[in-house]
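Heads up, the thing below is written out as structure tokens.
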Amino acid sequence: MLPKQNRLKKRKEFGYIHKNGKRVHSEHLTLTYIESRFPIPKIGVVVSNKSGNAVVRNRIKRQLREILKQNINNLRSHQNIVLSAHPNISECDFSKLGAEINYLLKKGKRINE
RNA sequence: GUAGCUAGUUAGACGGUCGAAUUUCUUUUUAAGAAAUUAGGAAAGUCCGAGCACAACAGGGCAAGGUGCAAGAUAACAUCUUGUGAAGGCGACUUUAAGGAUAGUGCAACAGAAAUAUACCGCCACUUAUUUGUCUAUUUUUGUGUUUUUUGAUUUAUGUAUUAUCAUUUAUCUUACCUCCUAUUUUUUCACAAAAAUCCAAGUGGUAAGGUUGGAAAGGUGGUGUAAGAGACCACCGCAAACAAAGAGAUUUGUUUGGCUCUGUAAACCCCACCUUGUGCAAGAUAAGGAAGAAAAAAGGUUGCCCGCCUUCUUCCGAUAUACAUCGCUUGAACAUAUUGGUGACAAUAUGUCUAGAUAGAUGACCGUCCACGACAGAACUCGGCUUAUCGACUAGGCUACCCCC
RNA sequence: GGAGAGGUACUCAAGUGGUUGAAGAGACGUCCCUGCUAAGGACGCAGUACGGGAAACCGUAGCGAGGGUUCAAAUCCCUCCCUCUCCG
């Protein structure tokens with residue numbers, strides 16, 4: 001799990017980021033990000049109801065959070081990130097998800113060089 | 001040994017690295033460290049029943065809805081247990097929305113003479129009229145015209161037969177392909193015309209045996225009986241009612257009586273008996289109000305309606321603004337073990353335990369080893385059930401049928 | 001988490017037990033009309049599966065799926081599946 005200070009929590013925050021943020025896409029994921037005035041980066045994960053039943057959705061969320069946790073020290077400060085999964089996400093395994101997230105973070109220039 | 005029946009249990013294991021939530025303790029002061037605990041048999045579907053919370057849920061009536069063999073269990077139930085009836089299985093055993101159709105109403109297409117009541121055909125008796133020719137029907141003969149095979153569908157009759165089926169057979173319709181394509185004759189079928197022969201009507205009453213249907217025709221089979229017939233009578237079977245016995249009861253057994261009353265449908269309306277206030281934790285609780293104006297008849301609330309009951313409104317100003325919070329929230333019809341009572345569901349007593357409580361939502365991610373290679377699947381206020389999904393593994397000094405050996 | 005509504009042809013849909021060939025409209029296909037197209041007109045369309053037949057045609061199943069009640073179910077009852085809406 002992510003530490004509590006790094007989580008996005010409020011419904012308003014998710015709505016604001018979805019409305020005003022910039023997006024980067026890959027085959028199974030979408031990364032939405034926006035600048036913020038707090039130095040600590042905050043991350044939220046979204047998996048829709050169409051991806052599968054509750055067990056599948058929970059496992060995907062855990063795997064995505066685990067990958068983000070490994071990269072959290074490399075992330076640039078002053079930003080909020082929402083990672084959304086596409087409905088066919090259940091095809092991917094752990095290593096493929098990690099590759100996709102790295103690709104997205106580099107493409108969106110979210111990582112400290 | 002094979003095939004089953006019943007009742008249950010379980011739902012990968014071990015190790016390493018990195019993390020999350022709750023509680024407690026310690027140190028430091030907002031963080032860190034340690035320890036303990038951290039998802040199921042269905043957590044699911046939300047199909048029933050309760051707790052709990054709020055709303056004057058006081059109360060009465062109507063409407064609406066639910067349940068439906070008996071006795072019991074339970075906080076309650078559309079649940080469970082033990083029995084009864086019915087159905088299925090060689091059997092162990094399983095399944096069962098199983099009250100009332102003689103309280104009333106409705107519906108029952110098509111077919112059929114007739115659909116819950118009738119009397120069309122037929123059968124029988126009696127009375128009246130009466131042999132005539134027209135019509136009609138049948139048969140025979142003659143003449144004219146059409147058709148003639150095969151397959152399929154529908155249909156008539158006969159035989160076997162309880163029916164069904166099967167075999168033979170009659171007629172009509174459909175027409176691909178093949179053969180012939182000129183004419184004549186014979187036979188058969190149908191249509192038309194002519195001739196000859198035969199039969200003929202109406203009414204009253206009795207009867208429900210027979211009449212190609214249909215899911216269903218109002219007891220069945222055989223006999224007696226009769227003008228013809230009939231539960232009109234008899235034997236056996238079946239149905240219904242009353243009585244007696246057994247049982248707590250559903251019901252069972254026996255005896256007597258009955259055939260006027262008697263089709264099916266209540267998962268159609270309905271009747272009988274019993275039950276139901278509504279909304280649902282997004283329930284709800286915790287806060288800051290003040291001023292002015294209107295007002296006794298209306299408005300609003302209380303369940304769908306009526307009675308009844310309860311409350312009061314409008315405007316302006318201001319406060320609260322991470323209320324996106326805290327509580328509700330987990331000690332409970334709880335769990336484990338033992339004893340006792342009960343056929344059993346279950347209950348009582350004793351001892352012990354505290355065993356998820358998140359809020360973008362924790363209970364995990366990755367790696368390694370082993371095996372049978374891991375199914376269905378994720379708590380969201382809490383319980384009791386039902387239903388549905390599910391790779392497998394295992395248990396019972398349990399039970400049944402068949403086969404083999406002693 | 002809680003409360004509801006619906007499912008009939010390619011699409012929109014009618015049909016609440018009974019001769020049903022399961023209305024109707026659009027779309028689609030064929031033909032007519034026109035020098036050509038559009039519009040218009042006619043016909044066909046529960047168009048599927050299985051069995052029989054050379055064919056015409058006949059029989060059975062089929063209204064989201066599976067059971068039940070009934071002589072008879074798209075319709076009545078039960079259980080599942082799918083879609084949509086509302087409650088901060």
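Here is the naming used below: chain letters follow the sequence lines, and residue numbers restart at 1 for every chain. All values reported here derive from a predicted model rather than from experimental measurement.
The CD atom of Gln63(A) sits 15 Å away from the C1' atom of rG19(B) (whole-angstrom rounding). For the pair Arg62(A) CZ and rC366(B) P, the computed distance is 10 Å after rounding to whole Å. Note: NZ (Lys61(A)) to P (rA362(B)) measures 7 Å, nearest angstrom. Atom CD1 of Ile67(A) and atom C1' of rC18(B) are 14 Å apart (whole Å).
Glycosidic conformation at rG231(B) (O4'-C1'-N9-C4 for purines, O4'-C1'-N1-C2 for pyrimidines): syn, within 90° of 0. Taking syn as a glycosidic angle within 90° of 0, rU355(B) qualifies as syn. Base orientation for rG41(B): syn, the chi torsion being within 90° of 0. Glycosidic conformation of rU330(B) is syn; the angle stays within 90° of 0.
Between Val45(A) and Lys61(A), the shortest heavy-atom distance links the atoms CG1-CG, 3.9 Å.
Within the 4.0 Å cut-off from OP1 or OP2 of rA360(B), not a single side-chain nitrogen or oxygen of Arg65(A) is found.
Along RNA chain B, the nucleotide closest to Val46(A) and the one closest to Asn58(A) are compared, and the more 5′ of them pairs with Val46(A).
In this structure Val56(A) satisfies the side-chain contact (heavy atoms from CB on, under 4.5 Å) test together with Asn53(A), Ile60(A), Ser90(A), sequence neighbours excluded. By the side chain to side chain donor-acceptor pair (under 3.5 Å) test, Ser26(A) is found to be paired with Glu100(A), residues two or more places apart in sequence or in another chain being considered.
Remark: the separation of the P atoms in rU343(B) and rG1(B) is 38 Å, to the nearest Å.
A distance of 7.5 Å separates CG in Leu68(A) from CD1 in Ile81(A), rounded to the nearest 0.5 Å.
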Please tabulate, one pair per line, each protein N/O and nucleotide N/O from nucleotides 373-375 of chain B that are separated by under 3.5 Å, including the distance.
none

